Visitor: 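Dropping a structure here in structure tokens format, bear with me for questions.
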Amino acid sequence: MQYPSFFDTARKITVYDPLAELLGAFDNGVIEYSYVDAVKLAGHSCPTVAGSATFLAISRLKKV
């Protein structure tokens, strides 16, 4: 998939999901989300998508 290079400059968000670990969905339950993942889910890139990625990065998700 082609996308603007600045998408790669956003920090990735790493979270731990105990259910994902139990089910073996992700190695050790650790899931890493990138801005590209957020854009794919939203279907486009805009300030709202960027803001949601920023919000997740600073929220109280359990850090790994």
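It should be emphasised that the depicted structure is a prediction, and the values quoted were computed from it without experimental measurement.
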Visitor: Once side-chain hydrogen bond (donor to acceptor under 3.5 Å, both in side chains) is applied, do any residues pair with N28, and if so which ones, sequence neighbours excluded?
Guide: none

Visitor: Hydrophobic clusters join Ile, Leu, Val, Met, Phe, Trp and Tyr when side-chain heavy atoms are under 4.5 Å apart, directly or via other members; which others share one with L22?
Guide: L19, L23

Visitor: Would you give the length of the straight line joining atom CD1 of I13 to atom OG of S34, rounded to the nearest 0.5 angstrom?
Guide: 9.0 Å

Visitor: Given T14 and V30, is the side-chain contact (heavy atoms from CB on, under 4.5 Å) satisfied, shown in steps?
Guide: CA-CA 7 Å; T14 305; V30 176; 3.5 Å; yes

Visitor: For D17, what residues pass the side-chain hydrogen bond (donor to acceptor under 3.5 Å, both in side chains) criterion, not counting sequence neighbours?
Guide: none

Visitor: List in chain and number order the residues that pass side-chain hydrogen bond (donor to acceptor under 3.5 Å, both in side chains) with E32, two or more places apart in sequence or in another chain; answer none if no residue qualifies.
Guide: none

Visitor: Please step through side chain to side chain donor-acceptor pair (under 3.5 Å) for the pair S45 and Y35, ending with a clear verdict.
Guide: CA-CA 9 Å; S45 176; Y35 185 68; 2.7 Å; yes

Visitor: Between Y33 and D37, which heavy-atom pair has the shortest distance, and what is it?
Guide: CA-OD2, 3.4 Å

Visitor: Taking ring pair (Phe, Tyr, Trp, His ring centres under 6.0 Å) as the test, write out the residues that go with Y3, two or more places apart.
Guide: F7

Visitor: Can you pull the salt bridge (Lys or Arg N to Asp or Glu O under 4.0 Å) pairs that have at least one residue in residues 20-31, sequence neighbours excluded?
Guide: none

